[in-house]
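Atoms within a ligand are numbered from 1 in the order they appear, just like the ligands themselves.
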Amino acid sequence: MKQAFFDYFGLKPDVIAKAPGRLEILGNHTDYNEGTVLSVAVDRAMTVAAAKVPGKTCELYDQALESKRIFDLDKLDNPKKGDWANYVKGVVQEFQKRGYDVPAFKAMMKGTVPLSAGMSSSAALEMAFVLVIEKLANLNLDWKTKAKIGQAAENNYVGAKTGLLDQVSSLMGRENQLVYSDFRTLEVHNVPIPKGTAFVVANCMVKHNLTNEYNERREACELAAKLLGVKALRDVTPDMLEQQKGKLPEVAYLRAKHVVGEIDRVEKGAKALSANDLTTFGKLMFQSQYSSTHYFDNSIPELDAMVEIAKTIPGHIGARLSGGGFGGITVHLVYADQAQAYCQALVKAYKEKTGLDTEAMICTAAQGAHLM
Ligand code: GLA
């Protein structure tokens, strides 16, 4: 990275940061409902090298896309729809809004997180830039502020009203550990991944775009909370929801049923993990997928097909879509000694069932965002 930076810009980088993507393991669309989630930071990351330069002009170069952007620190009010540079410009603007003086920089990035797949390449990019700018501007921010800068960039600049899950997972991940996050209290702790298991990730090969449908789901959840007279769906239990169902329009009820059920499943899942009860944990993952398909309507036939296939492959524990939904990836918890064969069987069966070529990869839980 250092050499590539020097070759391209003719400068040495002042800082290099690496921030991982994430997998959502249980707890779908619960973060913005002040619920809980189990996630991991994965061994696929965005690496950014940067050097401070005089003046007001920043230059970005993406090694993988071989694509360059130039922008002025004083003229950031022009997000271009669908442009990857929005995540960087959005982060810069959020630093500025908080009163920090961001120096001009040249930056090069290189990513191994698949794009638009549900592994949060965007949060990885945001968190890497947050660390880079924090260093270049000589700041010392706490992790919550860093996560919120990334989320605000996404909400305000990109226009996706996403929660804090992706940024928190990217920052707080640890090797061999899950991240348990409570989005009401912002308390986060790590939970060991059961020994002898592995995560397999497979893309259903339909790309997702989170802005429209995601925002609609969020509005339905907020409407449900309002009509139920609570601050957020976190305050509703599955029993309460059934008792007060009559207060909600059908769609808002179904969306709430998913979220409330997911929060319940995260609690049950965390308990199952501490008791090393993999069977229960796997069932909860399959229930989560059922709920996405039938109540939240954020699955698609290809994701459903992949999860159904999972149930037939030796070595499976549980599987579900991971992240926003509407396409992208499925995550599978499998027995580690069968993971390779599982990947091959999944790819083959998926091709037979849907005609689509996919890849399945074994992912491990990695250290959260850090300077190198
Ligand atoms: C996306 C969002 C997250 C979260 C998940 C769904 O990844 O960025 O904030 O809402 O979807 O759980």
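- Contact annotation: for Arg22 versus ligand 1, heavy atoms closer than 4.0 Å belong to the side chain alone.
- Close approach of ligand 1 to Gly323 (heavy-atom distance below 4.0 Å) involves ligand atoms 6 (C), 11 (O).
- Contact annotation: for Glu154 versus ligand 1, there are no heavy atoms closer than 4.0 Å.
- The N/O atoms of Gly324, backbone and side chain alike, include one that comes under 3.5 Å of an N/O atom in ligand 1.
- Ring planes of Phe129 and Phe105: tilted class, angle from 30 to 60°.
- Close N/O approach between Asp31 and ligand 1 is found [any backbone or side-chain N/O within under 3.5 Å].
- For the pair Lys12 and Phe5, the cation does not sit on the ring face, since its NZ or CZ is not both under 6.0 Å from the ring centre and inside 45° of the axis.
- Within the model, atoms CZ of Phe286 and CD1 of Ile317 stand 9.5 Å from one another, a figure rounded to the nearest 0.5 Å.
- Ligand-side atoms of ligand 1 in range of Asn28: 12 (O), range being under 4.0 angstrom from any heavy atom.
- A ring-centre distance under 6.0 Å is not found for Tyr295 and His258.
- A heavy-atom separation below 4.0 Å is not found between Ser120 and ligand 1.
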Check: Taking it one step at a time, do Trp143 and Val168 satisfy side chain to side chain contact (heavy atoms under 4.5 Å, CB included)?
Finding: CA-CA 8 Å; Trp143 72 263; Val168 168; 3.9 Å; yes

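- For Lys97, the side chain to side chain donor-acceptor pair (under 3.5 Å) partners at least two apart in sequence or on another chain are Glu94.
- Lys18 contributes atom NZ, which lies 11.5 Å from atom OG of Ser170 (distance to the nearest 0.5 angstrom).
- Heavy-atom proximity to Tyr214, at under 4.0 Å, picks out these atoms of ligand 1: 1 (C), 2 (C), 3 (C), 4 (C), 9 (O), 10 (O), 11 (O).
- Annotation for ligand 1: atoms under 4.0 Å from non-hydrogen atoms of Thr162 are 2 (C), 8 (O), 9 (O).
- If you run side chain to side chain donor-acceptor pair (under 3.5 Å) between Gln167 and each of Glu126, Arg22, Lys146, Gln151, only Glu126 comes through.
- Checked by distance only, ligand 1 and His29 come closer than 3.5 Å through their nitrogen or oxygen atoms.
- Taking any N or O of Tyr32, backbone or side chain, none lies under 3.5 Å from an N or O belonging to ligand 1.
- Atoms of ligand 1 lying under 4.0 Å from at least one heavy atom of Gly163, given by number and element, are 9 (O).
- For the pair Lys245 and Tyr253, the cation sits on the ring face: its NZ or CZ lies under 6.0 Å from the ring centre, inside 45° of the axis.
- Short contacts between ligand 1 and Glu24, defined as distances under 4.0 Å to a heavy atom of the residue, involve ligand atoms 5 (C), 6 (C), 12 (O).
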